[in-house]
Asker: 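First, the structure itself, so that you have it in front of you.
Every chain is numbered from 1 and lettered A, B, ... according to where its sequence line falls, protein lines coming before strand lines.
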Amino acid sequence: AQSVSQHNHHVILSEAASLELGCNYSYGGTVNLFWYVQYPGQHLQLLLKYFSGDPLVKGIKGFEAEFIKSKFSFNLRKPSVQWSDTAEYFCASFGNTGKLIFGQGTTLQVKP
Amino acid sequence: GAGVSQSPSNKVTEKGKDVELRCDPISGHTALYWYRQSLGQGLEFLIYFQGNSAPDKSGLPSDRFSAERTGGSVSTLTIQRTQQEDSAVYLCASGKPAGEKLFFGSGTQLSVL
């Protein structure tokens, strides 16, 4: 069955620290992968997406993610976090049925 | 409108009552999704529509939950005989075809007393 797993549920970092959030998906066919972010009190919004091509994708606000097919992973990274990155981050994948499945989410707290 | 609109934004109801939650997607978006967001539970898929048909209803938790979409636009999620465990934020999202970026509404906070 299609599933998405996020390893880190709650991450606390100081400003300027590097960030990596893990995401693994189970679907073995063609996947469309996404990272969404939900800032406090705001709607979910798209950070970045991978459909095909270059496995290293860049998104908004300095975020990037690397698709590694052999590991079924799509980890999110940022070299230097800011206090304004405090939010909840969700990894998601589409399977061939058109269903978009989300991971459990990771709450990131950045200390100034 | 410019974005996905959900109403009401907050709903407080008594256990056993029925509730209807409404979603107005972005004009022209053929795909429409419903999710439930509970603290610590992430986003739970409920159902998705492509046009007026629902190719995947597998996420509906029980037969108390149903959804419809008319005219390829507005969708209504109905919960009958509400239970306390139904308390959550219900999110709607729309997109052009399925498989593309989704735009989310601000959700309906449902509280069942």
Asker: Is A:Tyr89 linked to A:Val11 within one hydrophobic cluster, defined over Ile, Leu, Val, Met, Phe, Trp and Tyr using a side-chain heavy-atom separation of less than 4.5 Å?
Answerer: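 Hydrophobic grouping puts A:Tyr89 with A:Val11.
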Asker: Rounded to the nearest 0.5 Å, how far apart are CD of A:Gln104 and CG of B:Leu43?
Answerer: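 Those atoms lie 11.0 Å apart.
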Asker: Quick one: does any side-chain atom of B:Tyr35 pair with a main-chain N or O of A:Phe102 as donor and acceptor, under 3.5 Å?
Answerer: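 Side chain of B:Tyr35 to backbone of A:Phe102: no pair is present.
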Asker: If you count heavy-atom pairs within less than 4.5 Å of chain A, which of B:Gly59, B:Pro55, B:Gly105 leads?
Answerer: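 Result: the option with the highest number of such pairs is B:Gly105.
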Asker: Side chains of A:Leu44 and B:Leu102: closer than 4.5 Å at any heavy-atom pair?
Answerer: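 Side chain of A:Leu44 against side chain of B:Leu102, heavy atoms only: no contact under 4.5 Å found.
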Asker: Do A:Leu76 and A:Leu13 belong together in a cluster built from hydrophobic side chains that touch within less than 4.5 Å?
Answerer: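 A:Leu76 clusters together with A:Leu13.
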Asker: So for A:Gln6, is it side chain, backbone, both, or neither that comes closer than 4.5 Å to the heavy atoms of chain B?
Answerer: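 When you check distances to chain B, no heavy atom of A:Gln6 falls under 4.5 Å.
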Asker: Cluster question for you: counting only ILVMFWY and a side-chain heavy-atom cut-off of under 4.5 Å, with indirect links fine, are A:Phe51 and A:Ile101 together?
Answerer: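 Yes; A:Ile101 is reachable from A:Phe51 via cluster members.
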Asker: Would you say that B:Phe45 contacts A:Lys99 through its side chain, given a criterion of any heavy-atom pair below 4.5 Å between the two side chains?
Answerer: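 B:Phe45 reaches A:Lys99 side chain to side chain.
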Asker: Do B:Leu46 and A:Phe94 belong to the same hydrophobic cluster, where Ile, Leu, Val, Met, Phe, Trp and Tyr are linked whenever their side-chain heavy atoms lie under 4.5 Å apart, directly or via other members?
Answerer: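 Different hydrophobic clusters.
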Asker: Would you call A:Phe90 and B:Gln37 a side-chain contact if the rule is heavy atoms closer than 4.5 Å?
Answerer: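 Touching, per the 4.5 Å side-chain cut-off.
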Asker: Assess whether atom CD of B:Glu85 is packed by more than 12 heavy atoms of other residues, nucleotides or ligands within 6.0 Å.
Answerer: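 Yes, enclosed.
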Asker: Please say yes or no: joined through hydrophobic side-chain contacts below 4.5 Å, possibly via intermediate residues, are B:Phe103 and B:Phe49 part of one cluster?
Answerer: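 No, B:Phe103 and B:Phe49 fall in different hydrophobic clusters.
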